[in-house]
Number of protein chains: 2
Amino acid sequence: MIKLLLAEDQGMMRGALALLLGLEEDIEIVAQVGDGDEIVPKALETRPDVALLDIELPGRSGLDAAADLRARMPHCQVLILTTFGRPGYLRRAMEAGAAGFLVKDGPVEDLAAAIRRVLAGERVIDPALAAAALSAGPNPLTQRERDVLAAAVDGATVADIASKVHLSPATVRNYLSAAIGKTQTRNRMEAVRAARQNGWL
Amino acid sequence: MIKLLLAEDQGMMRGALALLLGLEEDIEIVAQVGDGDEIVPKALETRPDVALLDIELPGRSGLDAAADLRARMPHCQVLILTTFGRPGYLRRAMEAGAAGFLVKDGPVEDLAAAIRRVLAGERVIDPALAAAALSAGPNPLTQRERDVLAAAVDGATVADIASKVHLSPATVRNYLSAAIGKTQTRNRMEAVRAARQNGWL
DNA sequence: GGCCACCCGTGACATTTGTCCCGGGCCCGG
DNA sequence: CCGGGCCCGGGACAAATGTCACGGGTGGCC
């Protein structure tokens with residue numbers, strides 16, 4: 001019996017997957033969570049064999065939780081399930097020690113199979129996605145550039161960003177300019193978009 | 001037997017819902033589509049009793065398709081299932097003749113129940129959402145303002161927008177200014193965000 | 001007909017944004 | 001110790017953006 005932890009914020013999706021996977025003969029859902037902060041505690045409590053994690057969650061990101069989980073429960077395999085096949089996400093998932101990476105397109109049937117393969121020690125990754133991740137190269141943005149860019153979502157002005165990140169407005173503009181350059185874009189919005197697109201956050 | 005059409009772009013979600021609803025004794029899935037443009041043709045072909053539609057789809061929006069469907073197949077009830085409970089979405093769904101409006105949070109169990117209630121002639125709407133929709137008031141944006149704002153997503157410059165909408169750059173700026181004023185925001189990005197948030201697109 | 005809302009455009013103006021240059025500090029690897 | 005990278009700031013400048021006031025055109029409604 002494979003003990004599974006399921007982390008997914010969308011209630012309907014979570015419920016549907018739980019019901020579905022519960023139908024499999026050899027799978028038992030031992031925990032369901034809708035918040036990133038609950039992943040590790042619940043895992044420590046229920047000792048699952050596989051953790052199926054969404055990335056975008058309230059609280060901690062599924063990627064952060066994955067790294068933690070691998071460190072604290074090495075026997076537990078992590079399988080990332082996400083809406084967006086961003087190259088940077090895949091890269092970060094691998095760095096966090098995930099054993100598999102699935103996107104929410106693609107058929108449900110793959111899911112149970114992926115869980116079994118992951119538990120058997122295999123790696124499960126969409127080949128096309130892997131290629132994209134490699135061709136995209138690593139994240140060119142520096143830590144501060146990421147911070148500033150992240151603070152620039154939803155149209156904050158330079159002053160807003162500066163106070164959010166505790167920097168001088170002049171510095172913020174410099175970082176923004178650098179980020180715009182590195183993302184090969186023409187302005188803040190495009191830079192933010194490109195960075196999110198690639199999973200560079 | 002309730003004949004159901006299912007329109008949802010995310011493969012895993014669509015598959016899971018289909019399997020799940022297929023388990024219900026009195027429900028039969030007669031069509032599954034992942035593209036907004038296929039909704040009406042498939043419906044005309046398979047004559048479902050209820051259409052379960054996502055809003056954000058490739059091709060036509062589920063809301064557009066809903067209006068069309070109601071006009072061409074009045075006997076077929078429309079149930080909107082969406083990720084975002086935007087007030088404007090609910091309003092537009094009602095105007096399009098939808099009988100119900102569900103968000104993808106909330107338990108799966110509600111789904112089958114909602115389908116039956118809709119078919120029985122009831123209206124199914126989250127009360128909190130209905131209140132939000134009423135308190136938010138109707139869409140204050142004019143047609144052109146919507147066009148310009150929609151063209152302004154992902155950081156297009158004024159020139160880009162102007163050529164996209166076939167207007168003078170000066171005019172575009174005026175519309176943007178008007179939209180910014182009506183949305184009570186401070187710049188393009190915030191205006192876009194606010195408009196999307198409220199379902200004003 | 002007059003009112004009103006929306007359409008489209010112009011010109012002028014202050015502000016913001018993006019760029020490039022400069023300074024200094026810190027820390028790590030050769 | 002001397003780069004080289006990242007951190008943090010400043011100044012100056014061109015370009016883009018947001019605002020306002022102003023033209024004129026259309027169509028609906030009372």
Side-chain angles (χ1 to χ4, degrees), chain A residues 88 91-92 95 136-201, chain B residues 88 91-92 95 136-201:
Chain A
R91 181 178 297 268
R92 285 202 275 157
E95 286 167 2
N139 189 338
L141 297 176
T142 207
Q143 179 60 44
R144 271 288 183 266
E145 287 161 359
R146 281 198 295 275
D147 295 344
V148 170
L149 220 48
V153 293
D154 52 44
T157 73
V158 173
D160 295 339
I161 303 173
S163 81
K164 235 185 284 186
V165 196
H166 304 295
L167 283 180
S168 153
T171 309
V172 169
R173 295 212 278 154
N174 283 335
Y175 281 126
L176 281 175
S177 187
I180 290 169
K182 289 184 181 176
T183 52
Q184 318 239 42
T185 50
R186 290 174 304 168
N187 55 46
R188 214 177 293 204
M189 267 185 106
E190 285 192 2
V192 168
R193 221 174 165 64
R196 306 228 304 169
Q197 183 70 25
N198 292 13
W200 296 335
L201 238 164
Chain B
R91 182 178 297 267
R92 285 202 274 159
E95 286 167 3
N139 189 338
L141 297 176
T142 206
Q143 178 62 45
R144 270 287 183 267
E145 286 161 358
R146 280 197 296 276
D147 295 343
V148 170
L149 220 47
V153 294
D154 52 44
T157 74
V158 172
D160 295 339
I161 303 173
S163 80
K164 236 186 280 187
V165 195
H166 304 297
L167 283 178
S168 155
T171 309
V172 168
R173 295 213 275 152
N174 284 335
Y175 282 127
L176 281 176
S177 187
I180 290 168
K182 288 184 182 177
T183 50
Q184 318 238 46
T185 50
R186 291 173 303 168
N187 54 45
R188 216 177 289 205
M189 265 186 107
E190 284 193 2
V192 168
R193 220 173 164 65
R196 305 229 304 170
Q197 183 70 26
N198 291 18
W200 295 336
L201 236 164

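Lettering of chains follows the sequences in order, A, B, ..., and the numbering in each one begins at 1. These numbers come from the heavy atoms of this one structure, side chains and all, not from hydrogens, waters or symmetry mates.
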Is A/Arg193 close to A/Thr185 at the side-chain level, that is, under 4.5 Å between some pair of heavy atoms?
-> no
Spacing between A/Met189 atom CE and C/dG18 atom P, to the nearest angstrom | 11 Å
Answer yes or no: is there a side-chain heavy-atom contact under 4.5 Å between A/Leu141 and A/Leu149?
-> yes
Should A/Thr157 be listed as having a side-chain N or O under 4.0 Å from OP1 or OP2 of C/dT16?
-> no
Is there side-chain contact between B/Ile161 and B/Arg188, with heavy atoms separated by less than 4.5 Å?
-> yes
Between C/dG18 atom P and B/Asn187 atom CG, what is the distance in whole Å?
-> 11 Å
Sorted by number, the residues of residues 170-184 of chain B with heavy-atom contact under 4.0 Å to DNA chain D | B/Arg173, B/Asn174, B/Ser177, B/Ile180
Taking side chain as C-beta onward, heavy atoms only, is A/Thr183 less than 4.5 Å from A/Glu190?
-> no
Mind checking whether A/Asn139 and A/Arg146 have side chains closer than 4.5 Å, heavy atoms only?
-> yes
Please give, in whole Å, the distance from C/dT19 C1' to A/Glu190 CD?
-> 16 Å
Short side-chain N/O contact from A/Arg188 to OP1 or OP2 of C/dT17, under 4.0 Å = yes
Any donor-acceptor pair under 3.5 Å linking the side chain of B/Ser168 with the backbone of B/Ala170?
-> yes
Side-chain donor/acceptor of B/Asn198 to backbone N/O of B/Trp200, under 3.5 Å = no
Taking five pairs at each terminus, the helix from C/dG1-D/dC30 to C/dG30-D/dC1 shows an axis bend, to 10°, of 30°
Taking the side chain as every heavy atom from C-beta outward, state whether B/Arg144 and B/Leu167 have any pair of such atoms under 4.5 Å apart.
-> yes
Short question: side chain of B/Arg186, backbone of A/Thr157 - any donor-acceptor pair under 3.5 Å?
-> no
Measure the distance from CD on B/Gln143 to C1' on D/dT26 and round it to the nearest whole Å.
-> 16 Å
Between P of C/dA5 and CD of B/Glu145, the distance in whole Å | 13 Å
Could you work out which one of C/dC6, C/dG9, C/dC8 sits closest to the side chain of B/Arg144?
-> C/dC8
Separation of C/dG18 P from A/Arg186 CZ (nearest whole Å) = 12 Å
Mind calculating the distance between CG (B/Leu141) and C1' (C/dA5) to the nearest angstrom?
-> 15 Å
